[in-house]
Every structure is written in C-alpha cells, then in structure tokens.
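In what follows, a structure is listed as structure tokens, so that the remarks can point back to it.
Nothing here was measured: the structure is a model prediction, and the numbers come from that model.
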Amino acid sequence: MTAYDEQLKTIADIMRSTRIASLAYLSIDGGLVSTPMGTQDFTEPGTVWFITERSTSKVAAIEADPRVNVHYAGKSGWVSLSGTARYVDDRAKLKELWDASAGVFMSGGPDDADNGLLEVTASTAEYWDSPGKVATAVNLVRGLVSDGEPDLGDSGVVPL
C-alpha cells in the first residue's frame, strides 16, 4: 500500500467514525453558512452524497456558488473536504440511499419530487488522525516537560 493509499484509508476511516458532517457554503447574500448533514454514502472520500430538499435556501445558494467545505470531527480525528457541490435529481440513487434516518428529517419519502441528492466532489482533503484524548493529553504534557515535540497524530493535505 502506498503512502497516498494509507492517507486515503485514514481519511475514510475518520469519515466513517462519525456519520454527521458539517457542510459550509456561501448563502445567496454572501454570508458563510454551516449546517449539519447526515452522510448517506461515499465510496472514496472524493465523492460524498447527502439527501436534501430541492426547495431549500441551501440548494439555491449552492446552485449560485457551488464551492463548499465538508467537515467531519470525531474521536479518531477530523477531515476537511474542499470542493464543489451540485443538486442531483436521480430517483434510483435516492431510493438506494434512503434509510430510516432520512425519513425522520424529511417528509414524503424518496418518491417526493422535492427530495433529492447533494453530491459533493472534493478536490482536497485535510486530515488529522488523533491518537485519542488520553494519548493526546499525555503527549502534550510530555512536550511541555521535555525539549521534544509531542506526537499529536498524523496529519496532511491530500489531493483527491
């Protein structure tokens, strides 16, 4: 496995460790907005799928300016994906990705004409693979009392 493959695996593992992501985009009036989104699927970290309603201001804003950031934060670290998003009206893919959690937040089911998909295509992923709270605390203290730098985990920026 190459170093790049290892980085992609680390990024995917962190993304899988928490299903909820924070999607940041520019609103129609130019303000920065961040909203929680439940990840429905990703095969590689470079393409992430969310279920959304077409009639939202979020979709209108993304259609006007598709630049987005998707952020995952969990116990195993964090990932920040930078890229673009687009609304996708694909009934077959929506039915494939629809689950009970989607039904909790959205009405009408996968056949509702207002329900669709948000596809995020990332160009880069920045990540920090945390060694865990206890190990991080121990390493911080070790760094404070010694001349060495603490080992706070692996990090990097990966082109996708």
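- Contacts of Glu44 classified as salt bridge (charged side-chain N to carboxylate O under 4.0 Å, His left out), with partners at least two apart in sequence or in another chain: none.
- Of all the heavy atoms in Pro159 and Tyr4, the pair that sits closest is O-OH, 2.8 Å.
- Using a 4.0 Å cut-off between charged nitrogen and carboxylate oxygen, Asp99 and Arg19 count as a salt-bridge pair.
- Taking Glu63 as the reference, Arg54 meet the salt bridge (charged side-chain N to carboxylate O under 4.0 Å, His left out) condition, with sequence neighbours excluded.
- Residues Val70 and Phe50 meet the side-chain proximity criterion, which asks for heavy atoms closer than 4.5 Å.
- The side chain to side chain donor-acceptor pair (under 3.5 Å) check on Tyr72 picks up Thr39, with sequence neighbours excluded.
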### Query
Passes salt bridge (Lys or Arg N to Asp or Glu O under 4.0 Å), Glu6 versus Lys9? Steps please.
CA-CA 5 Å; Glu6 296 252 350; Lys9 182 184 178 322; over 6 Å; no

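- When the side-chain contact (heavy atoms from CB on, under 4.5 Å) test is applied to Ser107, no partner is found at least two apart in sequence or on another chain.
- A side-chain N or O of Asp114 and one of Ser55 form a donor-acceptor pair less than 3.5 Å apart.
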Can Lys75 and Asp129 be said to form a salt bridge (Lys or Arg N to Asp or Glu O under 4.0 Å), step by step? CA-CA 9 Å; Lys75 291 180 181 178; Asp129 183 20; over 6 Å; no

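- Residue Ser17 comes nearest to Gly74 through the heavy atom pair OG-CA, 4.4 Å, listed as atom of the first residue, atom of the second, then distance.
- Among all heavy-atom pairs drawn from Ser101 and Gln40, the shortest one is OG-OE1, 4.3 Å.
- Grouping the Ile, Leu, Val, Met, Phe, Trp and Tyr side chains by contacts below 4.5 angstrom, directly or via other members, places Phe42 with Leu8.
- For Asp65, the side-chain contact (heavy atoms from CB on, under 4.5 Å) partners two or more places apart in sequence, or in a different chain, are Leu26, Arg67.
- The CG atom of Asn69 sits 9.5 Å away from the CD atom of Glu126 when rounded to the nearest 0.5 Å.
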- Task: Begin with the C-alpha distance, continue with both residues' side-chain angles, and end with the deciding distance and a verdict on side chain to side chain contact (heavy atoms under 4.5 Å, CB included) for Ile11 and Val158.
- Result: CA-CA 9 Å; Ile11 290 165; Val158 180; 3.8 Å; yes

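- Within the 4.5 Å cutoff, side-chain heavy atoms of Val59 are placed close to those of Thr52.
- Separating the OG atom in Ser27 from the CG atom in Leu32 is a distance of 8.5 Å, to the nearest 0.5 Å.
- Taking OG1 of Thr84 as the reference point, atom CD1 of Ile62 lies at 10.0 Å (rounded to 0.5 Å).
- For Ser82 (side chain) and Ala125 (main-chain N/O), no donor-acceptor pair under 3.5 Å exists by modelled atom type.
- When every heavy atom of Ile28 is checked against every heavy atom of Ala60, the shortest pair comes out as CD1-O, 3.6 Å.
- By the 4.5 Å heavy-atom criterion applied to side chains, Trp128 and Asp154 are not counted as neighbours.
- Phe105 belongs to a hydrophobic cluster whose other members, connected by ILVMFWY side-chain contacts under 4.5 Å either directly or through intermediates, are Trp49, Ile51, Val88, Leu94, Leu97, Trp98, Val104, Met106, Leu117.
- A search for side-chain contact (heavy atoms from CB on, under 4.5 Å) contacts involving Ser57 returns nothing, not counting sequence neighbours.
- Side-chain contact check for Thr121 and Thr47: no donor-acceptor pair (N or O, by modelled atom type) lies under 3.5 Å.
- With sequence neighbours excluded, the residues that form a salt bridge (charged side-chain N to carboxylate O under 4.0 Å, His left out) with Asp111 are Lys95.
- Connectivity analysis of hydrophobic side chains (ILVMFWY, heavy atoms under 4.5 Å, direct or indirect) links Met1 to nothing; its cluster partners are none.
- Not counting sequence neighbours, the partners of Thr35 by the side-chain contact (heavy atoms from CB on, under 4.5 Å) test are Leu23, Tyr25, Met37, Lys58.
- Looking at residues two or more places apart in sequence or on another chain, you find no salt bridge (charged side-chain N to carboxylate O under 4.0 Å, His left out) involving Asp112.
- Closest heavy-atom contact between Asn115 and Gly109: ND2-O, 2.8 Å.
- Looking at every heavy atom in both residues, Pro36 comes nearest to Ile20 through CB-CG2, 4.1 Å.
- Residues passing the side chain to side chain donor-acceptor pair (under 3.5 Å) test with Glu119 are Arg86, sequence neighbours excluded.
- No hydrogens or angles considered: a donor-acceptor pair under 3.5 Å links the side chains of Asp5 and Thr2.
- Here the OG1 atom belonging to Thr10 is positioned 12.5 Å from the CE atom belonging to Met15, to the nearest 0.5 angstrom.
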